[in-house]
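Here's the structure we're looking at; comments come further down.
All values below come from the heavy atoms of this structure, side chains included, with hydrogens, waters and symmetry mates left out. A, B, ... follow the sequence lines: proteins, then strands. Residue 1 opens every chain.
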2 protein chains.
Amino acid sequence: MDNIVEIVLAEDEPSLGQIIKESLETRNFKVHLAKNGEEAYALYSSISPKLLVLDVMMPKKDGFTLAKEIRLEDDTIPIIFLTAKSQTQDVVEGFTIGGNDYLKKPFSMEELIVRINNLLHRTRTQQNSEALTVGKYTFDFPKQTLTFEDESHQLTHREAHLLFHLIKNKNQVLDRSMILKKLWGDDDFFNGRSMDVFITKLRKKLKQDDAIQIINVRGFGYKLVC
Amino acid sequence: MDNIVEIVLAEDEPSLGQIIKESLETRNFKVHLAKNGEEAYALYSSISPKLLVLDVMMPKKDGFTLAKEIRLEDDTIPIIFLTAKSQTQDVVEGFTIGGNDYLKKPFSMEELIVRINNLLHRTRTQQNSEALTVGKYTFDFPKQTLTFEDESHQLTHREAHLLFHLIKNKNQVLDRSMILKKLWGDDDFFNGRSMDVFITKLRKKLKQDDAIQIINVRGFGYKLVC
DNA sequence: TGAATCGGTTAACACTCGTTAACACTGGTT
DNA sequence: AACCAGTGTTAACGAGTGTTAACCGATTCA
């Protein structure tokens with residue numbers, strides 16, 4: 001019932017990052033520290049944390065940009081921005097809709113912890129384990145199982161993630177390079193070919209319901225229709 | 001040693017009461033059915049059951065009132081309330097302190113049985129240890145026992161620690177090298193293989209509930225889902 | 001029409017993990 | 001001391017997973 005809460009913290013200033021991490025860990029949070037936006041995204045994808053704390057100004061990918069990407073996938077996960085004094089108020093406030101909040105630097109650890117607990121309690125009521133459906137299939141993402149009538153198949157991690165995004169964007173074109181960056185971390189030739197292989201695998205596993213198709217849009221990406 | 005557990009069930013809707021009674025009796029509980037609060041109190045007094053299952057809305061005496069009276073005499077006996085949808089969350093939760101729990105109608109028999117077993121097991125081990133639950137299992141970390149229905153198994157030290165962390169991070173990926181450092185002190189090749197062996201052992205011991213799975217995330221770690 | 005490119009598919013490969021069993025170590029018993 | 005049971009580590013093999021390579025058809029555009 002009382003799981004340890006995992007948090008991804010993105011802060012490019014190493015010593016500050018370390019201090020925050022340690023402070024939060026004394027409060028029984030499990031903190032994964034990233035030193036830029038890209039790292040934070042990778043951690044977010046692999047760990048599925050309960051909450052994100054993002055410095056706004058970071059190399060590689062700033063906090064706002066990162067938050068926008070994450071909101072495409074999950075529009076409930078709480079995000080707390082750490083903003084410098086120079087950030088103008090209205091820009092920051094634009095981002096505090098949804099499950100967001102922000103803290104101006106410098107801040108006290110207590111303030112941060114209070115906000116984290118507020119946001120966590122606000123969302124504790126809803127759970128994320130809803131079964132997704134594709135045609136006559138049922139797909140349980142956390143369990144990585146794909147069920148057709150009474151037969152369940154276990155999917156691999158990659159297959160499950162790819163299918164998850166296809167379903168989330170059902171009947172829309174899923175951008176090739178976006179999905180590559182999301183799942184593989186980088187859009188290069190080999191990763192692209194690798195993804196094509198997984199599309200083939202998913203097509204095989206989904207062909208029991210021939211209303212389902214994964215259509216290629218040459219040069220753009222794939223679209224799951226059903 | 002393990003006498004048959006006696007339960008008093010108070011439910012004013014006769015057919016539902018009968019169904020619950022019969023279901024529980026297939027699980028080797030002896031169930032005494034009352035059709036209102038007063039009857040239930042009489043049964044409680046004469047039988048001294050190990051546990052009570054009380055519908056909240058009943059004629060003559062409602063479940064909460066009855067529970068308050070019983071608590072005057074015995075403040076440890078586990079009580080499970082059956083609540084209708086209309087009951088507000090906070091009123092119900094106010095009663096879940098002490099040895100209480102509640103179930104919202106409609107519920108599955110499985111849910112009820114899991115809660116009964118949890119509560120029975122918790123009182124057997126008294127306050128010193130809070131029982132963790134995984135699916136239909138109950139796990140007592142300090143005692144290193146894993147219980148499924150009425151069968152308890154002793155876990156070894158390593159098994160128990162590993163399971164503990166998996167449960168604490170339920171539905172999240174448990175980082176391979178982090179758990180190795182925590183339990184083995186070092187992340188090297190042999191320790192890694194050793195951990196894999198223990199994962200196998202835990203899977204075997206958890207396979208009586210096939211809703212529970214320990215999923216591998218290649219390169220990252222393991223995730224317990226249920 | 002022909003060249004270039006993209007994607008579909010299969011198979012080979014490297015690597016990680018699953019599983020079983022043998023082994024070593026510990027502490028307790030006879 | 002010899003024995004034993006329980007626990008955890010190491011070894012070995014096989015299966016599973018994901019990447020790379022290779023070949024081919026399809027599409028696009030000059």
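Atom NE2 of A:His161 and atom P of D:dT17 are 14 Å apart (whole Å). Separating the CG atom of B:Leu155 from the C1' atom of D:dG8 is a distance of 14 Å, rounded to the nearest angstrom. What separates CD1 of A:Ile215 from P of D:dT27 is a distance of 13 Å, to the nearest Å. Rounded to a whole Å, the CG atom of B:Asn216 is 9 Å from the C1' atom of D:dG16. Atom CG in A:Leu180 sits about 15 Å away from atom P in D:dG18, given to the nearest Å. To the nearest angstrom, P of D:dG8 lies 7 Å from CD of B:Glu159. At whole-Å resolution of the value, CD in A:Gln154 and P in D:dA15 are 19 Å apart.
The side chain of B:Trp184 contributes an N or O atom lying less than 4.0 Å from OP1 or OP2 of D:dT9.
The shortest non-hydrogen separation linking A:Ile77 to A:Pro49 is CD1-O, 3.3 Å. Of all heavy-atom pairs spanning B:Asn216 and B:Arg203, the tightest one is N-NH2, 4.1 Å. Considering all non-hydrogen atoms of both residues, A:Phe81 and A:Ala67 come closest at CZ-CB, 3.5 Å. When all heavy atoms of B:Glu149 and B:Arg27 are compared, the pair lying nearest together is OE2-NH1, 2.9 Å.
In this model, no donor atom of one side chain and acceptor atom of the other lie less than 3.5 Å apart for B:Ser152 and B:Gln154. When only modelled atom types and interatomic distance are considered, A:His161 and A:His157 share a side-chain donor-acceptor pair under 3.5 Å. For the 3.5 Å distance criterion, the side chains of A:Asp175 and A:Ser177 qualify, holding a donor opposite an acceptor.
Residues that satisfy the salt bridge (charged side-chain N to carboxylate O under 4.0 Å, His left out) test with A:Lys143, not counting sequence neighbours, are absent from this structure.
Scanning DNA chain C 5' to 3' for nucleotides with an atom closer than 4.0 angstrom to a non-hydrogen atom of chain B gives a first and last hit of C:dC15 to C:dT20.
Salt-bridge formation is detected for the pair B:Arg176/B:Asp196: a Lys NZ or Arg NE/NH1/NH2 atom is positioned less than 4.0 Å from an Asp or Glu carboxylate oxygen.
The residue B:Arg218 sits close to a base: some heavy atom pair falls under 4.0 Å.
Within residues 187-207 of chain B, the residues that place at least one heavy atom under 4.0 Å from DNA chain D are, in residue-number order, B:Phe190, B:Arg193, B:Ser194, B:Val197, B:Phe198.
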